Structure formats: structure tokens, C-alpha cells
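All chains are named by letter (A, B, ...) in the order of the sequence lines, taking the proteins before the strands, and each is independently numbered beginning at 1. It should be emphasised that the depicted structure is a prediction, and the values quoted were computed from it without experimental measurement.
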Amino acid sequence: MPASWVSPAFFVSPSLPSAENLLRWYHVHRRILPWRAGPGSLPDPYHVWLSEIMLQQTVVATVIPYFHRFIERFPTISDLAVAADDEILGLWAGLGYYARARNLIRCARAVAEAGGFPVTLDGLRALPGIGPYTAAAIGAIAFDIPVVPVDGNVERVTARMFAIEEALPAAKDAIAVAAARLGAQAAAQSRPGDFAQALFDLGATVCTPRSPSCMVCPWRDGCAAHARGLSADLPRKAKRAARPVRRGTVFVMQDRSGMIGLRRRPPRGLLGGMLEVPGTDWEATAPPPVPPCAAHWLDAGTIVHVFTHFELRLTVKVGRVAALPGGIVAAPPDTPLPTVMRKALEAGLAVLDERSPK
DNA sequence: AATCCGGGGTT
DNA sequence: AACCCAGGATT
């Protein structure tokens, strides 16, 4: 038989990975997560939405305690919609990507106003904080809209199944097309929510980034990367730039009643709208440290915190003050803070405690 | 298309 | 220490 009778695609994917096989695997191996409903039943859209926002670039284990605290405090989206911004931002403190929390508030109020979530992808996509991925995820999981949400897991699984060797992010379109092909199978179309979550779970527990467990994979037979011994090498990714270092100084102030001096950051940008320990700007070379008020400043060392695109080294000074200066808000030491500011505050308070323990 | 935007789990 | 995570908004 002439080789030309056989299309190259035949060698790339001998047989499409079976949606039915994956769903059968999912029935046995699915993760039990607080925002999930039982197999075959649709979960609460509010729970799905809240979990999806929290899960953006955040691992499941980190999200779970935050999710529980939110659901306990805000049992319905209406409870969330009428809450004060500060309380919501406080509950979000430490989770990161604070624009998510600001969009969460706007989205909750829009949904409460409308009387419920839109049930179309375009309607979901129009809400604050909901992009193409999250719209597809909520649509599939909460409303059984037949669509494949393409997150990092699905990108990885799909790139391997079809042995897509082009590097990300250039390969995004090709991967999305291939993922849609997986979802076009009848079994996936009939259970879009389970199919999406099955892909997530396969990527999270079997088709993992570093050393995938191909021996127990329900899709091994249909996996072109496995056939070529490429599984652990895909998807390829473009190299990232090195992370620069920025430096600054913060001043931890404690008054006689034990209150700490904090400052509200501008509403947008890095740590937008969150509280911070007052200090200098953050530059490549440390700006001159100008204390916010006169005090006997003690050295509390340096804390290091890694952000997505730079590393921050903060020199921490600490002092007791008779009265907090103007423009500074007095807050108790356990006030919810972004992690970098929590680190700085703890470093300062540790030095005070060691000098004059209570 | 690039860049900005946290924090931490995993290896 | 590097990589990556149920990405979105902005420029």
C-alpha cells in the first residue's frame, strides 16, 4: 500500500483519546473538593464561580481554606454582594492577585442585581474577573454548556495527546483547537462538566508537569507524546527573563496601646487597595530611608519576598511611638495583610518583643 | 503580543 | 532553586 494513502495525521494520533474512557476513569479517581457536587449533578453556580476565581493561578490546596472561610461568612452571593469591601479584601488577604478580589466584589454585585448568573458563555465572559477560561469553566461545570475550558492542565494534557511540539505561548491556538476536538466526542458533549473536571484531575494527578504517571493513564493508548517518548518534555515553553531585585525600607510603628501604624495602598496596581507597613519606594538601589516620624528605630533585619516579576528585599526598622503620625491608620497587629507585609510586621514585632517582652 | 499582577505547593 | 498553578486586565 502506498505511503501516500496514509495521512501524516494518522501517525500523530492513531486513535483519538476516548472521552468515554476518561469519564470512566473520572468516576473512580475524581478528587473530592468542597465546591464539587456529586457525579451527574450540577453544583451551586456561586460555589463554582467563587472557586474558579480563587483557583486562577493558585493551587487547590491553597484555595480550600479560603473557600471555606468565604462560604461560611457569605453563604450566598447576595451575602457577598452586600458586604463591605474592606471585609472582603480582608478575607482575601494572603491569597494574592488582589485584582481578583476587587473584581469579585464588582461581579457579585452585578450578579445579585441581575438575580443570578448569566447562563451563556458571552454573558459570563462579560462579568468582571471572568475571562475566556473562567467563562468556559463555569459554563461547563455549572450549566453543562458543551465547551472545553483550557487551563494549564488541559493545555498540558492536550499538547501531549497530540504531541504538539510548538512552544507556548505561540502554541495556544493549536492547543485550543485540539482540546475542542477532544470535547467534540459524544460522551464529552453529554457530560461537559464532568469531562472538564476529568481533564483537570487527569492533569493534576496523572499527566503532571515533571514526571507524568503514564503507566496508570487512561489515555496512554491514544497519547502521541507517549508513543514518541516525549511526554515529560511537553508542552515546551519559551524561556523567561531573569527576575530583577528591588529594595526598600519599611517602618513598623507600635503605639502604647499596641496598635500598629499602617497605610492603605492605591486602589490599582501591585497589592492594590491592601494595607501596608509604611516605607520607601522599592527601587533597584535602596532609596534613602526617611522615617515617617521621630523614634528610636531598631534594626529588625531584612525580609525577602518573591513576586511574579521581581524579588523584593525589605529592610525592616521598628520603633515604639507615643502617637502614630498623620495619614497613618492604627490597626491591631492581627489585621489581615498581604503576605509580604505580614512578614515585615512579624519581623519588626519579634525585635520589639525580644527587647521588652510583655 | 507583552507586561503586570501574589503566593506557595511541588519537585 | 526552578517550575508551575482551574488566568485576567491592561497596554
ask   = Checking all strands, does A/L312 fall into the base, sugar-phosphate, or nothing category for heavy-atom contacts under 4.0 angstrom?
value = nothing

message = Taking ring pair (Phe, Tyr, Trp, His ring centres under 6.0 Å) as the cut-off, I'd like each qualifying pair that reaches into residues 105-129 of chain A, sequence neighbours left out, listed once.
response = A/W49-A/F117

Touch class at under 4.0 angstrom, heavy-atom based, for A/R268 against every strand present = nothing

inquiry  = Under 4.0 Å between a side-chain nitrogen and a carboxylate oxygen: does that hold for A/R109 and A/E113?
reply    = no

ask   = Among the clusters formed by ILVMFWY side chains lying less than 4.5 Å apart, do A/V329 and A/V250 turn up in the same one?
value = yes

message = Taking any heavy-atom pair under 4.0 Å as a contact, classify A/I53: base, sugar-phosphate, or nothing.
response = nothing

inquiry  = When the P atoms of C/dG8 and B/dG9 are compared, how many Å lie between them, rounded to an integer?
reply    = 23 Å

request  = Report the distance from atom CH2 of A/W282 to atom C1' of B/dC5, rounded to the nearest whole Å.
outcome  = 12 Å

ask   = Just by protein heavy atoms under 4.0 Å, how would nucleotides 6-11 of chain B read 5' to 3' in B, S and -?
value = BBSS-S

ask   = In whole Å, what is the span from the CG atom of A/N103 to the C1' atom of B/dC5?
value = 12 Å

Side-chain donor-acceptor pair present, A/S257, A/D255, cut-off under 3.5 Å = yes

remark   = Residue pairs passing the ring pair (Phe, Tyr, Trp, His ring centres under 6.0 Å) test with at least one member in residues 200-236 of chain A, sequence neighbours excluded, are none

query = Strictly by modelled atom types, are A/N103 and A/R100 linked by a side-chain donor-acceptor pair under 3.5 Å?
reply = no

Nearest-nucleotide 5' precedence on DNA chain C, A/S51 against A/R106 = A/S51

request  = Tell me what A/P132 touches on the nucleic acid: a base, only sugar-phosphate, or nothing, going by heavy atoms under 4.0 Å.
outcome  = sugar-phosphate

query = Touch check for A/R243, heavy atoms < 4.0 angstrom, all strands: base, sugar-phosphate only, or nothing?
reply = nothing

query = Is any side-chain N or O of A/H309 closer than 4.0 Å to OP1 or OP2 of B/dC4?
reply = no

query = Looking at DNA chain B, which of residues 195-207 of chain A put a heavy atom within less than 4.0 Å of it?
reply = none

inquiry  = Distance check, C1' atoms only: B/dC5 and C/dC4, in whole angstrom units.
reply    = 16 Å

task = Using salt bridge (charged side-chain N to carboxylate O under 4.0 Å, His left out) as the criterion, list what pairs up with A/E311, not counting sequence neighbours.
result = A/R313

task = Using the P atom on both, measure C/dG7 against B/dT10 and round to a whole Å.
result = 16 Å

task = Between C/dC5 and B/dG6, how far apart are the C1' atoms? Round to whole Å, please.
result = 12 Å

request  = Classify the nucleic acid contact of A/W49 as base, sugar-phosphate or nothing, counting any heavy atom under 4.0 Å across all strands shown.
outcome  = nothing

inquiry  = Can you confirm whether or not the ring centre of A/F307 sits under 6.0 Å from the ring centre of A/H309?
reply    = no

query = Earliest and latest nucleotide of DNA chain C, 5' to 3', sitting under 4.0 Å from a non-hydrogen atom of chain A?
reply = C/dA2 to C/dA9

A/D201/A/R31 ion pair, N-O < 4.0 Å = yes

message = Angle between ring planes, A/F310 versus A/W282, binned at 30° and 60°: parallel, tilted or perpendicular?
response = tilted

message = Please determine whether a side-chain nitrogen of the Lys or Arg among A/R228 and A/D233 lies less than 4.0 Å from a carboxylate oxygen of the Asp or Glu.
response = no

Whichever of A/P209 and A/G152 has its nearest DNA chain C nucleotide further upstream toward 5' = A/P209

message = Please find the pair of heavy atoms, one from A/V316 and one from A/A344, that lie closest to each other, and give the distance.
response = CG1-O, 3.6 Å

